[in-house]
Amino acid sequence: MANRGGFTSKLGFIMAAAGSAVGLGNIWGFPYEVGQGGGAAFVVIYLIFCFILCYPVMVTEIAIGRKTQKNPVGAFNDLGFKGWNIVGKLGIFSGVLILSFYNVIAGWAFGYIFEMIAGNFAVADKFGEYITAVFKVGLYGLVFMSVTAYVVSKGISGGIERAARLLMPTLIIMMLTLVIYSLTLPNSLDGLSFYLIPDFDKLTPSVIYNAMGQAFFSLSLGMGALITYGSYVNKSDNIISSAAFITLADVGIALLAGLMIFPLIGFMSEGTMEGAARGPGLIFVTLPQIFGSIGGGLGIAAGTTFFVLLCFAALTSTVSLLEVPVAYVVDELKVRRNRAVWLVAGFIFLIGIPSLIGNGYSDFFSTSFITYKEGGQDTDFLSFVAALANDSILPLGGCMIAFFASHIWKKHNLDEELAQGAPGYKGSFIQKYLNFAIGYFAPAVLATVFLFTVLFKFFGVHVF
Ligand code: PHE
């Protein structure tokens, strides 16, 4: 077998996997979901999902990857269940879809770095115009995709691991600086209490579905990204503790992002928290306005730091999204890595074009790309792809991966793999919990959430 390369250490793997998890989902998605989901109540539900449901799925993905040392399709074949490789195919398909629109948003964020450096805070009020200037933002997207491809082309240890080791600590330092700064502003405590004191009256079923989708997306689960990264992990590494660390890091960074943004909104709104529920525009519209009102050199420094850190976070995620189809093409179709990287990246950039132009530039792909007869919300192309990939395929994939590992591959095989590198695992409480969660709890909950989400998002049917 050709040498596929691998992570050089346990820490290298943890950094890369945490880098995959920490991304736009944490810094762009999480705060806006919190804002729309009524604050702290969303946070509580989200945390519960991450630890009791997502963590077991993460452990399973890494174990399948390490056992087989293959991409998500090859992994199922290798275990002897070819029919199940459909789960891997679905995962690769959704990864390609996710990267296609994720890169568009990353391109917007990349362009904002230059706007902030130029002190052009007014870009916030013209965000609609900014994203319809498709040649300009398309070029930013192209640059972002090229950097992603460059990192992936350098391989696992020389590219992905190296980038994560450099970018992740920098990101955390930048974030802590901004958190401390935002907590010193007037009215920041109002932001903090909105964020940290739950009001459970605000919990509706759709808040709960969103929290689930958000947890899956944010932890990079359900599409085989962690099967792929797991395939480069050392046999002597401890999967149980690595996965715990990755989950904690991801949740920790999402919480920090909230700690950075809500005090700023408290400051800007003079404590009313108006604007917190703005949705996806939160960091592209509200934040730059805030940096503008801080003004001067300090506003420029804070704004630039924020968008640089956002791009760093996005890059370690786009890299993992690209690695999945690349590993597939390299392992299964025997294409040279370098060539596979550029071909796949180019292809994904092209299928991202409807998402790029579907924000006002092209009527067809914008407001009413999908028009539902009744109930469902009309939506643009980007939101449609996101609803399909993030909210539907990821929970479905997670459900099938957990069910497969426990009942098809069998849980004693899974346990065997998990016990390697984790001496106290057998007979521990965590083993009992994982057996229950992976075998029954996760498949049941995820199947239900998948069904309800599809009925709700695509057919406008409210189950409860
Ligand atoms: N977890 C990443 C984020 O939060 C997105 C992602 C999803 C990356 C799925 C890889 C796989 O931004």
* To do: Please report the closest heavy-atom contact between F13 and G230, naming both atoms and the distance.
  => CE1-N, 4.4 Å

* T286 side chain to I283 backbone, donor-acceptor under 3.5 Å -> no

* May I ask you to decide if L183's main-chain N or O and S188's side chain share a donor-acceptor pair within less than 3.5 Å? => yes

* Asked: Taking all non-hydrogen atoms of both residues, which atom of Y195 and which atom of A254 are closest, and how far apart?
  -> OH-O, 3.9 Å

* Aromatic plane relationship, F404 with W84 - under 30° parallel, 30 to 60° tilted, over 60° perpendicular -> tilted

* Do the side chain of E61 and the main chain of G222 share a donor and acceptor less than 3.5 angstrom apart? -> yes

* To do: Working to the nearest 0.5 Å, report the span between OG1 of T60 and CG of L226.
  => 11.0 Å

* Asked: Do the side chains of S242 and I62 get nearer than 4.5 Å, heavy atoms only?
  -> no

Which atom pairs, one a donor and one an acceptor, fall under 3.5 Å between side chains of residues 260-275 and the rest of the protein, sequence neighbours left out?
from	atom 1	to	atom 2	distance (Å)
S269	OG	I265	O	2.8
S269	OG	T272	N	3.4
S269	OG	M273	N	2.9
T272	OG1	S269	O	3.1
T272	OG1	E274	N	3.2

* Structure fact -> Sorted by chain and number, sequence neighbours left out, side chain to side chain contact (heavy atoms under 4.5 Å, CB included) with L189 holds for L192

* To do: Decide yes or no for L79 and F76: does some side-chain heavy atom of the first lie under 4.5 Å from some side-chain heavy atom of the second?
  => no

* **Contacts of type side-chain hydrogen bond (donor to acceptor under 3.5 Å, both in side chains), residue Y232, not counting sequence neighbours** => E323

Side-chain donor-acceptor distances from residues 389-402 under 3.5 Å, at least two apart:
from	atom 1	to	atom 2	distance (Å)
D391	OD2	K457	NZ	2.9
S392	OG	A387	O	2.9

* If you measure from CG on L99 to CG on N103, what distance do you get to the nearest 0.5 Å? -> 6.0 Å

* Structure fact -> Across all chains, not counting sequence neighbours, the side-chain hydrogen bond (donor to acceptor under 3.5 Å, both in side chains) partners of K410 are none

* To do: Output yes when a side-chain donor or acceptor of S231 lies under 3.5 Å from a complementary backbone atom of T228, and no otherwise.
  => yes

* What residue among K411, R66, K67, K426 forms salt bridge (charged side-chain N to carboxylate O under 4.0 Å, His left out) with E416? -> K426

* Structure fact -> Residue set satisfying side chain to side chain contact (heavy atoms under 4.5 Å, CB included) with I86, at least two apart, ordered chain then number -> none

* Asked: Do L97 and F93 come close enough that some side-chain heavy atom pair is under 4.5 Å?
  -> yes

* Note, F7 side chain near Y229 side chain (heavy atom, < 4.5 Å) -> yes

* Asked: With under 30° as parallel and over 60° as perpendicular, where do the rings of W108 and F284 fit, or are they tilted in between?
  -> perpendicular

* Asked: Does atom CZ of F127 have more than 12 heavy-atom neighbours from other groups under 6.0 Å away?
  -> yes

* **Residue pairs passing the side chain to side chain donor-acceptor pair (under 3.5 Å) test where at least one lies in residues 396-409, sequence neighbours excluded** => none

* Residue Y440 excluded, over 12 heavy atoms near OH under 6.0 Å -> no

* **Y140 side-chain N/O to A106 backbone N/O, donor-acceptor pair under 3.5 Å** => no

* Is the backbone of G19 close enough, under 3.5 Å, to the side chain of T316 for a donor and an acceptor to pair up by distance? -> yes

* Counting N and O atoms only, with roles assigned by atom type, does the side chain of E115 sit under 3.5 Å from a partner on the main chain of N120, one being a donor and the other an acceptor? -> no

* Would you check if the side chain of Q214 reaches a backbone N or O of N210 as a donor-acceptor pair within less than 3.5 Å? => no

* To do: May I ask you to decide if F81's main-chain N or O and N85's side chain share a donor-acceptor pair within less than 3.5 Å?
  => no

* Please collect all side chain to side chain donor-acceptor pair (under 3.5 Å) contacts where either partner lies in residues 300-309, sequence neighbours excluded, each pair once. => none

* Would you please name every residue forming a side-chain hydrogen bond (donor to acceptor under 3.5 Å, both in side chains) with Y425, sequence neighbours left out? => D415

* Between S20 and S317, do the side chains contain an N or O donor and an N or O acceptor separated by less than 3.5 Å? -> no

* Structure fact -> dist M15:CE -> K10:NZ (nearest 0.5 Å) comes out at 13.0 Å

* To do: Can you run down the ring pair (Phe, Tyr, Trp, His ring centres under 6.0 Å) pairs that involve residues 33-62, sequence neighbours left out, and say none if there aren't any?
  => F30-Y46

* Contacts of type side-chain hydrogen bond (donor to acceptor under 3.5 Å, both in side chains), residue S383, not counting sequence neighbours -> D380

* Asked: Does any N or O in the side chain of N26 come within less than 3.5 Å of the main-chain N or O of D250, such that one atom is a donor and the other an acceptor?
  -> yes

* Asked: For Y361, does the OH atom sit with more than 12 other heavy atoms under 6.0 Å from it, leaving out its own atoms?
  -> no

* Asked: Do other residues, nucleotides or ligands put more than 12 heavy atoms under 6.0 Å from the CZ atom of F200?
  -> yes

* **Pairs satisfying side chain to side chain donor-acceptor pair (under 3.5 Å), at least one member in residues 28-43, at least two apart** => none

